[in-house]
Engineer: 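Mind looking over this structure? Questions follow.
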Amino acid sequence: MRYLPLTPDDRAEMLGVIGAASIDDLFVDVPAAARLSAPVDLPAFASELSVERSLSALAAKNRPAGAGPFFCGAGAYRHHVPASVDHIIQRSEFLTSYTPYQPEIAQGTLQVLFEFQTQVAALTGLPVANASMYDGSTACAEAVLMAHRLTKRRKAVLSGGLHPHYAETSWTLAHSAGVATTRLPAAVDNEAAVIAAIDADTACVVVQTPNVFGQVTDVTAIAQAAHAAGALLIVVTTETVSYGLLKTPGEMGADIAVAEGQSIGNGLNFGGPYVGLFACREALLRQMPGRLCGETVDAEGRRGFVLTLSTREQHIRRDKATSNICTNSGLCALAFTIHMSLLGGTGMRRLAQVNHAKARTLKAALAAVPGVEVLTGAFFNEFAVRLPKDAAGVVERLAAKDILAGVPYSRLDPRAGLDDVLLVCATETTLDEDIAALAGALKAEIAQ
Amino acid sequence: MRYLPLTPDDRAEMLGVIGAASIDDLFVDVPAAARLSAPVDLPAFASELSVERSLSALAAKNRPAGAGPFFCGAGAYRHHVPASVDHIIQRSEFLTSYTPYQPEIAQGTLQVLFEFQTQVAALTGLPVANASMYDGSTACAEAVLMAHRLTKRRKAVLSGGLHPHYAETSWTLAHSAGVATTRLPAAVDNEAAVIAAIDADTACVVVQTPNVFGQVTDVTAIAQAAHAAGALLIVVTTETVSYGLLKTPGEMGADIAVAEGQSIGNGLNFGGPYVGLFACREALLRQMPGRLCGETVDAEGRRGFVLTLSTREQHIRRDKATSNICTNSGLCALAFTIHMSLLGGTGMRRLAQVNHAKARTLKAALAAVPGVEVLTGAFFNEFAVRLPKDAAGVVERLAAKDILAGVPYSRLDPRAGLDDVLLVCATETTLDEDIAALAGALKAEIAQ
Amino acid sequence: MTMLNVGRPTRPEALDDTHAPAAGAKGLVQDELLIFELGGWDKTGVDFAPEDLGDVSDLSDLTGLTRAEPLVLPGLSEPETLRHYVRLSQQNHAIDLALYPLGSCTMKHNPRLNEKMARLAGFIDIHPLQPVSTVQGALELMDQLARWLKTLTGMPAVALSPKAGAHGELCGLLAIRAAHEARGDGRKTVLAPTSAHGTNPATAAQAGYAVREIAQTADGRVDLSDLAAKLGPDVAAVMVTNPNTCGLFEREVMEIARLTHEAGAYFYCDGANFNAIVGRVRPGDLGVDAMHINLHKTFSTPHGGGGPGAGPVVLSAALAAYAPKPWVVASGGGFALIEEAEGEAAEALGRLCAFHGQMGMYVRALAYMMSHGSDGLRQVAEDAVLNANYIKARLSGAMTTPFPDGPCMHEALFDDRWLEGTGITTLDFAKAMIDVGFHPMTMYFPLVVHGAMLIEPTETESRRELDRFCDALLELAAAAKAGDAGRFTGAPFHAPLRRLDETLAARKPRLRWTAEG
Amino acid sequence: MTMLNVGRPTRPEALDDTHAPAAGAKGLVQDELLIFELGGWDKTGVDFAPEDLGDVSDLSDLTGLTRAEPLVLPGLSEPETLRHYVRLSQQNHAIDLALYPLGSCTMKHNPRLNEKMARLAGFIDIHPLQPVSTVQGALELMDQLARWLKTLTGMPAVALSPKAGAHGELCGLLAIRAAHEARGDGRKTVLAPTSAHGTNPATAAQAGYAVREIAQTADGRVDLSDLAAKLGPDVAAVMVTNPNTCGLFEREVMEIARLTHEAGAYFYCDGANFNAIVGRVRPGDLGVDAMHINLHKTFSTPHGGGGPGAGPVVLSAALAAYAPKPWVVASGGGFALIEEAEGEAAEALGRLCAFHGQMGMYVRALAYMMSHGSDGLRQVAEDAVLNANYIKARLSGAMTTPFPDGPCMHEALFDDRWLEGTGITTLDFAKAMIDVGFHPMTMYFPLVVHGAMLIEPTETESRRELDRFCDALLELAAAAKAGDAGRFTGAPFHAPLRRLDETLAARKPRLRWTAEG
Ligand SMILES: Cc1ncc(COP(=O)(O)O)c(C=O)c1O
Ligand SMILES: Cc1ncc(COP(=O)(O)O)c(C=O)c1O
């Protein structure tokens, strides 16, 4: 077998050195009743060629976003990732290394994490960022738990503009920690409702901008209301590219900012692996979940980096840890860091501008389609439209015409009663001809 | 521009250090009449995204061999290359390094070349091999020149089984060196004709096995005849995989063996880059073209490798060099070496057996098609068939059915009068259903 | 090491390192600054098509909503960026460089085919919310992965979405909690041995449980009498790692399951060490109710310097109904994705994360499983265990092991008794390994063993590399006992950096670069 | 170097390298044996599907034709193979690690997009002899590449098939020879300057010509009077590199062309240094008849440790008819491939190699050209020349240059006069560069300059890296003059190996591994 270096001779000799008669001798501790005498009922080993054939056949049954008109967003975004990013993350020294617990021979990974934390801090406008979470949704849920630990309060207010998956993920973790979640009704504008929901029991307020309907909001007023009530403000962003242009969570008074970092450096991957960004105010540092990389010096005074403040983490603090997270999104964070290092502030701003411009073109095209109503006011690169028909049905029929028209809101939240709402998104990868194709097809579809 | 690190400020400051007023000052030596004042008339710079789009569009206009039934061989072969091969050759340290002229910091490349030479020697059954030529055809032509230098004779006999492109390439180089080439008429069996053509002026005899018609020949008799006449025998192989099973050139008395190494580690690439293998008898070493890597020790007695016997080469011997070759096929040779290191003798033999078995299946299927006559006797993984129609036309029409049926001999040698001959090939990548599809389509095609 | 000295006498010390460079580089080893120290504050390495930059300056729709001051981050050209990260990469150890003996981490070879497959456009470039009719291949792949995992573990159900082992533990405990609550049973305690991995207690706490520790027997297993004593009406689950973190198989695992069930609790098995038994033992046959599988361990998806991974959880019939959403079901020749579940059980746990989990890892893991097949996977377990026992056999003479009797499973555990009096700690010894080209083993874990050294070679190491490793450790052990303490307490000497000051790092944390420095 | 010492005081010598490892490894630096010394003689790292191994043993069709004794080569599992080559790779210098100042080699950054594009199935997995109807995209790409090359050089025709620069030289000279012979003119001499690259005379000889050298002026250019004197009825071609191998532009190039044509000869220009003028000068405007272009230099296809490359040749109207086959022509909306040519001119040269040339390089080169565009390519030349002059300016104080007056083009040439009396040679100095992390420059070439040091930075170096390089060389130069000869004559000290014994290698050549060793 191509991945197994031992030969039959090796095995025989090694058993000899061990002093075992057969390999079974090494499994004696397994209860006899549970020992499998033969391989389980699954296909036998296969050549690389045939595995490649099987998997390529499965891949061929999917319609890649890049294969034609594509307008899906709602938490995962199609952006162009420079070829050099994927080239670097495939280097053996990054791809096949473990968590950098031995800093003397892991400076490569550690320095990258330090760069990552610095970039995330700059993007969110907050002073400290960790070395990544699984994704934006779990980062959001962990932020709620963190707020609970900090405030000792047992209620979390979730804005009606928060991505439903994020709300549900937060509910799951909050619920198990005994924290109640007040999830406000889905709405494009949420400021008033959110502020009204804040009370003395509120540990945190979770608002998203741009929100799931694409609405961009200045949450400063919410921040003030939350702080006035002694609650923390958690600002969620699913489209990291928007950081290039929009007011940062820090500028708006966020205590914690969490985001889905997939847009930078990472592909769509059908939803994972992604990379969760997590940043907060200096004062909250000790309650932060996840790994932190810090600067120090070695025995000869040379600068180096190490994982630090581990006393927050499960492997030291065990049941008192700030989170149970261990394996995180290291390689996705590396991809993020490389892509961001290529972009820089200048490129990031430009990328954001191009995204916004494409979305404006898309809006103009769709607004011109009779029967289509644009629901979102200020948007970045995605927005919501109301259709005269069930959005899911429209999306299915357009898919049959090889146009991926966007995400029906009902797919995310079937109980919201917004079956006629479609979420559409445009990025730097969107072609004007694709926009024209969508508008044309939508017009025909609605006309019927 | 993403590949140009200098900023406008850098440029200005650097001009200052240089003491030049403008960049034009650095081009003063260019005759005023020839200075272009503006960019030439070509498209302006493009983003990575748009270049990727343009080139992907071009790629999409080609029909990949792997996309369906495929039976082309005749000098280029489709084999499965393990994914790890391409992964390794893309490592910066291999991909972006230069010819290893500074051995202290090029041991990686040098040790690979030493391994490559050892593998090629073992495959060809000859004691010395060089560090690669451009491809099999140019290696063949260089072998003819080498034989001319060694024998001082001015005639080369080219077998009628030699790949026409190899014959033409040899003619070009031989002709310019004042060496006449006797190219025998195209034929499946050539032993008698070749032996008959040898005379006292003959510098070398060039025979191919398996030959362009797929015929496998024991050239021992030819070797004896050549040597008896004081000529050298050059054995050509276009399908390196056959070395896993067939008598080696060395075993059959070859003085020089040349081969196309593409089959191992390298893709079809529409004909290039490929890698020429070149091996010979020890005694002929000093007249060998190309680079040689040799073992030595460093100042501390540790084993190391260097490029050696460079006095044969252009950069030292200039117009007295054994060849003008400089840049060769380094990275393709690396891919070859890695793939061969994975295969080993065991895997190579097995690969050869699988290829042969697939070809036998193909032969049985085609032989059963009414009107198809198999011309090749002993074959490895390709053979020639005679069709009742013009082969080129048949191939075109089958291509319209998405079946790439093989190579019409007339494509290689339109003047041979073999318009009804089709060359077909099967490898480990050929599926039985593809064979059935070809047989079926051929039957229908002939029936019309 | 002899095998490595062919034609290469060890380099004379004297000669070495005269003439150190003034530069931050030395031969092929390049020193490297932070990206923020390389300039490029108003540069970018990403171009945009001029046509795309048409009317981008119009931000009227965003008045009052844009950043006060623009984002300040350096951007570098591709050549500079590549050089920066390639140089950094060379400061890392990696599986592809040498044996990586981290116990409990299963650092095995990562097949490159899997990387290639995961990058097929049909996998890497599909959106999680595309119409399911356009991602049938992806759903089919998830269905196949589920089938492999269920068959290998002998369990009826699997939840794929957990994003790592710890996330899987949470999934399992929340399913258990849901099952109890469905019966109106509000149990509040989880039992786990002291030897448990830190994520076990951390997860139990996150799931709202109090953790009580189970004692361990002299031979490194769960103390059944202590377990029996602590089991009771308040115990929701017993969490046991098997093979356990001492690298031993829990002989009494079926009894543990029986006692647990008897007490009305569920048996959660930490499956991080599944590599030791895959194809030879089915947890389902042992009475397990829930177990997570680290695809990034047993099924070789790359660790990537810390992640990402994937932690699918297999569930018993008793817990299957409480799985989180979403899940894939075959329907009418194709596959459907259930994202909204009706009914109490289905809604009890809810959602563990956005979308459907770690597709990129699923592709790699399935490629790995298909490649090995049922026979190859069984061989994986056998070779993993064989390699560990071989190391144990070769090193036991020189190093002390806490549980000498009987075979170990996939990892060999040593303690530091043999270092007594040498003035050398487990940490010192581990750091000295770096100087001879090996990554240290897992240290001071499990906590139940003093100065623990946990060595897991995995099945992808050759006899030759195992010997090279054992020879190196035996040579080091001899030096340690010979009193050459300096070689250890000062180690490493040959790594890119010497030992780092972790206390300083924690005392005044510097967690990001600032211009002030 | 200051910039590289932020927080990193140079490491105290004393501390370094105590406790060298007994192992063949040291920290991250792994020693590595030959593949033949790692065992695996009857192993293989390639699996075959059992179904494919059905009746493979039947070799009856090949009776008497199979190998006497089976092929004996080691085969290793994928993990072992990866480790072997990854370890070896780390013993190489590379562009991605640091500036690679090899004059005449144009070691510029290799964009990764180009690697990705060349691997699209539509390019890497198409057969050269597929029906042309199934490879229209490939032919269109060749047609586009030809258009770019012709436009950039201002020449009417281009032959794409040459596989490298030297092969392109041969193509050009054979076209010239064919053109002469077509007129029944059997000229037998080629004139080339002494400074010419070795391939020039070697190619001329291979094309059947005698080579006569042209003298050089004090300022490093072709001596026109000597040229005029040597031109005559027997001269078939004048071969001149421009910019020349001293890194200087041939001011009188148009006059060289005029004289050459006047004498009935053709003007072959070695275009290896085209990077210096691309977008700013068109060789066609200079009177060139034939010029090869190294796609692996100017257009950045990777050097890959020695190749592969590609050397398309642009041809003037006078030579166009004598181009080798095959070539691409637009026909009826699509493209045709002319593989058989009728008529004397077309048949005169014939074929330079099998198939159609280096498609893999064409894709990369075109991607590179499209990325830069006409404006970007012009910038390439300007930055390449700017960087070279910057280095020349910064180093001229410390090192002597043979042609101080006026600007250089893309490379800065120094000689060894400044080392006189130090006991240090150009070679010593170059080897010492290795110790400070840089690859040596091209040495002892061109031959016309004593102890030549030819430095070509290319346009893809940042100001920072140029300064790091210049600082390092100035520091070394100072040390050399200060008499610290040992640092040079013994160098390198910090590379994987010390200086190698080339004489031994040549005296008793060991060109392959043998069991006897
Ligand atoms: C025994 C054990 N349990 C649980 C885990 C946690 O898995 P993960 O890191 O994927 O969250 C690990 C991994 O370190 C482990 O070794
Ligand atoms: C000036 C010059 N001419 C010709 C060549 C030969 O080119 P190639 O190595 O591609 O054959 C080179 C490359 O080294 C060169 O520098």
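Within every chain, numbering begins at 1; the chains are lettered A, B, ... in the order of the sequence lines, protein sequences first and strands thereafter.
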Engineer: Going by an N to O cut-off under 4.0 Å, is there a salt bridge joining C:Arg67 and A:Glu251?
Structural biologist: no
Engineer: So which residue, A:Gly244, A:Gly66, A:Ala46, ends up with the most heavy-atom pairs under 4.5 Å with chain C?
Structural biologist: A:Ala46
Engineer: If you compare all heavy atoms of C:Leu59 against all heavy atoms of A:Arg349, which two are closest, and at what distance to 0.1 Å?
Structural biologist: CD1-NH2, 3.9 Å
Engineer: At a heavy-atom distance under 4.5 Å, which candidate from A:Thr308, A:Asp218, A:Leu58 has the highest pair count against chain C?
Structural biologist: A:Leu58
Engineer: I'd like to know whether A:Glu115 forms a side-chain hydrogen bond (donor to acceptor under 3.5 Å, both in side chains) with C:His84, so could you lay out the CA-CA distance, the side-chain angles of the two residues, the decisive distance to 0.1 Å, and finally the verdict.
Structural biologist: CA-CA 12 Å; A:Glu115 293 179 353; C:His84 177 68; 2.7 Å; yes
Engineer: At a heavy-atom separation under 4.5 Å, does C:His109 approach chain A through its side chain, its backbone, both, or neither?
Structural biologist: side chain
Engineer: When only pairs under 4.5 Å are counted, which of A:Val354, A:Thr99, A:Leu36 shares the most heavy-atom pairs with chain C?
Structural biologist: A:Leu36
Engineer: Are the charged groups of A:Arg11 and C:Glu382 less than 4.0 angstrom apart, N to O?
Structural biologist: no
Engineer: Check the pair C:Asn387 / A:Leu6 against side-chain contact (heavy atoms from CB on, under 4.5 Å), numbers first and verdict last.
Structural biologist: CA-CA 9 Å; C:Asn387 283 353; A:Leu6 296 186; 3.4 Å; yes
Engineer: Taking all non-hydrogen atoms of both residues into account, name the closest pair between A:His165 and C:Arg351 and its distance.
Structural biologist: NE2-NH2, 3.3 Å
Engineer: Indicate the ring-plane relationship of C:His372 and A:Tyr3, choosing parallel, tilted or perpendicular according to the 30° and 60° boundaries.
Structural biologist: tilted
Engineer: Restricting to side-chain contact (heavy atoms from CB on, under 4.5 Å), what partner residues turn up for C:Ala207, sequence neighbours left out?
Structural biologist: C:Leu170, C:Leu173, C:Leu174, C:Tyr209
Engineer: Below 4.5 Å, heavy-atom pairs only: which of C:Val72, C:Val380, C:Thr460, C:Ile95 has the largest tally toward chain A?
Structural biologist: C:Ile95
Engineer: Using atom types as modelled and distance alone, determine if a side-chain donor or acceptor of C:Asp125 lies under 3.5 Å from a backbone N or O of A:Pro64.
Structural biologist: no
Engineer: Which bit of C:Ala393 comes within less than 4.5 Å of chain A, counting heavy atoms only: side chain, backbone, both or neither?
Structural biologist: side chain
Engineer: Taking ring-ring contact (aromatic ring centres under 6.0 Å, His included) as the definition, give me every residue that meets it alongside C:Trp148, ordered by chain and number, with sequence neighbours left out.
Structural biologist: none
Engineer: What part of C:Glu459 is in contact with chain A, defined as an atom under 4.5 angstrom from a non-hydrogen atom: side chain, backbone, both or neither?
Structural biologist: both
Engineer: Once you measure the plane-to-plane angle for C:His356 and A:Phe270, does it fall in the parallel (<30°), tilted (30-60°) or perpendicular (>60°) bin?
Structural biologist: tilted
Engineer: Going by salt bridge (Lys or Arg N to Asp or Glu O under 4.0 Å), A:Glu104 matches just one of C:Arg498, C:Arg499, C:Lys431. Which one?
Structural biologist: C:Lys431
Engineer: Using modelled atom types only, decide if a donor and an acceptor are shared between the side chain of A:Gln117 and the backbone of C:Leu511 within a distance under 3.5 Å.
Structural biologist: yes
Engineer: Check each atom of C:Leu76 against the heavy atoms of chain A and say whether the ones under 4.5 Å are side chain, backbone, both or neither.
Structural biologist: both
Engineer: As a quick check of understanding, evaluate side-chain contact (heavy atoms from CB on, under 4.5 Å) for C:Ser374 and A:Val40, giving each step before the final call.
Structural biologist: CA-CA 6 Å; C:Ser374 56; A:Val40 295; 4.1 Å; yes
Engineer: Considering only heavy atoms, which portion of C:Glu461 lies under 4.5 Å from any heavy atom of chain A: side chain, backbone, both, or neither?
Structural biologist: backbone
Engineer: Quick check on C:Ala68 against chain A: is it the side chain, the backbone, both or neither that has a heavy atom closer than 4.5 Å?
Structural biologist: both
Engineer: Among C:Gly40, C:Ala310, C:Gly357, which residue forms the greatest number of heavy-atom pairs with chain A at distances under 4.5 Å?
Structural biologist: C:Gly357
Engineer: Any donor and acceptor pair, going by atom type alone, linking the side chain of C:Asp285 with main-chain N or O of A:Ala33 inside 3.5 Å?
Structural biologist: no
Engineer: If only atom types and distance count, is the side chain of C:Asn92 paired as donor or acceptor with the main-chain N or O of A:Gly108 below 3.5 Å?
Structural biologist: yes
Engineer: Stepwise, does the side-chain hydrogen bond (donor to acceptor under 3.5 Å, both in side chains) test hold for C:His127 with A:Arg78?
Structural biologist: CA-CA 8 Å; C:His127 191 284; A:Arg78 180 163 201 268; over 6 Å; no
Engineer: Taking A:Thr172 for its side chain and C:Leu349 for its backbone only, find out whether a donor-acceptor pair lies under 3.5 Å.
Structural biologist: yes
Engineer: For residues A:Ala121 and C:Arg512, report the shortest heavy-atom separation together with the two atoms involved.
Structural biologist: CB-CD, 3.7 Å
Engineer: If you count heavy-atom pairs within less than 4.5 Å of chain A, which of C:Val46, C:Asp501, C:Leu88, C:Leu500 leads?
Structural biologist: C:Leu500
Engineer: Does the side-chain contact (heavy atoms from CB on, under 4.5 Å) test come out yes or no for A:Val28 and C:Phe249, once each step is laid out?
Structural biologist: CA-CA 9 Å; A:Val28 284; C:Phe249 194 91; over 6 Å; no
Engineer: When heavy-atom pairs shorter than 4.5 Å are enumerated against chain A, which of C:Glu502, C:Arg177, C:Arg394 gives the highest number?
Structural biologist: C:Arg177
Engineer: Is there a donor-acceptor pair under 3.5 Å between the side chain of A:His315 and the backbone N or O of C:Gly198?
Structural biologist: no
Engineer: Please report the shortest heavy-atom distance between C:Ala202 and A:Gln314, naming the atom on each side.
Structural biologist: CB-CB, 3.5 Å
Engineer: Is C:Arg280 close to chain A through its backbone or its side chain, or both, or neither, when contacts mean heavy atoms under 4.5 Å?
Structural biologist: both
Engineer: Look only at the side chain of A:Thr118 and the backbone of C:Trp513, and say whether a donor-acceptor pair between them is shorter than 3.5 Å.
Structural biologist: yes
Engineer: I'd like to know whether A:Leu55 forms a side-chain contact (heavy atoms from CB on, under 4.5 Å) with C:Leu141, so could you lay out the CA-CA distance, the side-chain angles of the two residues, the decisive distance to 0.1 Å, and finally the verdict.
Structural biologist: CA-CA 8 Å; A:Leu55 290 173; C:Leu141 185 139; 3.8 Å; yes
Engineer: Is a side-chain N or O of C:Thr44 found less than 3.5 angstrom from the main chain of A:Leu343, in a donor-acceptor match?
Structural biologist: yes
Engineer: Tell me, for C:Leu102 versus chain A, whether the close heavy atoms (under 4.5 Å) come from the side chain, the backbone, both or neither.
Structural biologist: side chain
Engineer: Is the NZ or CZ atom of A:Arg91 positioned over C:Tyr85's six-membered ring, under 6.0 angstrom from the centre and within 45° of the axis?
Structural biologist: no
Engineer: Using a cut-off of under 4.5 Å on heavy-atom pairs, state which of C:Gly360, C:Gly350, C:Ala205 scores highest against chain A.
Structural biologist: C:Gly360
Engineer: Counting only heavy atoms closer than 4.5 Å, note whether C:Leu120 contacts chain A via side chain, backbone, both or neither.
Structural biologist: side chain
Engineer: With chain C, which of A:Ser323, A:Pro31, A:Ala44 has the greatest number of heavy-atom pairs at distances under 4.5 Å?
Structural biologist: A:Ala44
Engineer: Counting distance only, does the side-chain N/O of A:Glu48 pair as donor-acceptor with the main-chain N or O of C:Leu113 below 3.5 Å?
Structural biologist: no
Engineer: Measure distances from C:Glu340 to the heavy atoms of chain A and classify the residue's part below 4.5 Å as side chain, backbone, both or neither.
Structural biologist: side chain
Engineer: Tell me, for C:Asn110 versus chain A, whether the close heavy atoms (under 4.5 Å) come from the side chain, the backbone, both or neither.
Structural biologist: side chain
Engineer: If you tally heavy-atom pairs under 4.5 Å against chain C, which of A:Thr138, A:Asp135, A:Leu412, A:Leu173 wins?
Structural biologist: A:Asp135
Engineer: Look only at the side chain of A:Thr327 and the backbone of C:Gly307, and say whether a donor-acceptor pair between them is shorter than 3.5 Å.
Structural biologist: no
Engineer: Quick one: of A:Ala378, A:Pro103, A:Ala57, who has the most non-hydrogen atom pairs under 4.5 Å with chain C?
Structural biologist: A:Pro103
Engineer: Is C:Tyr100 close to chain A through its backbone or its side chain, or both, or neither, when contacts mean heavy atoms under 4.5 Å?
Structural biologist: side chain
Engineer: If I measure from the heavy atoms of chain A, does C:Met370 come under 4.5 Å with its side chain, its backbone, both, or neither?
Structural biologist: both
Engineer: Which residue out of C:Asn294, C:Thr151, C:Leu352 racks up the most heavy-atom pairs below 4.5 Å with chain A?
Structural biologist: C:Thr151
Engineer: Using non-hydrogen atoms and a 4.5 Å limit, figure out which bit of C:Tyr390 sits close to chain A: side chain, backbone, both or neither.
Structural biologist: both
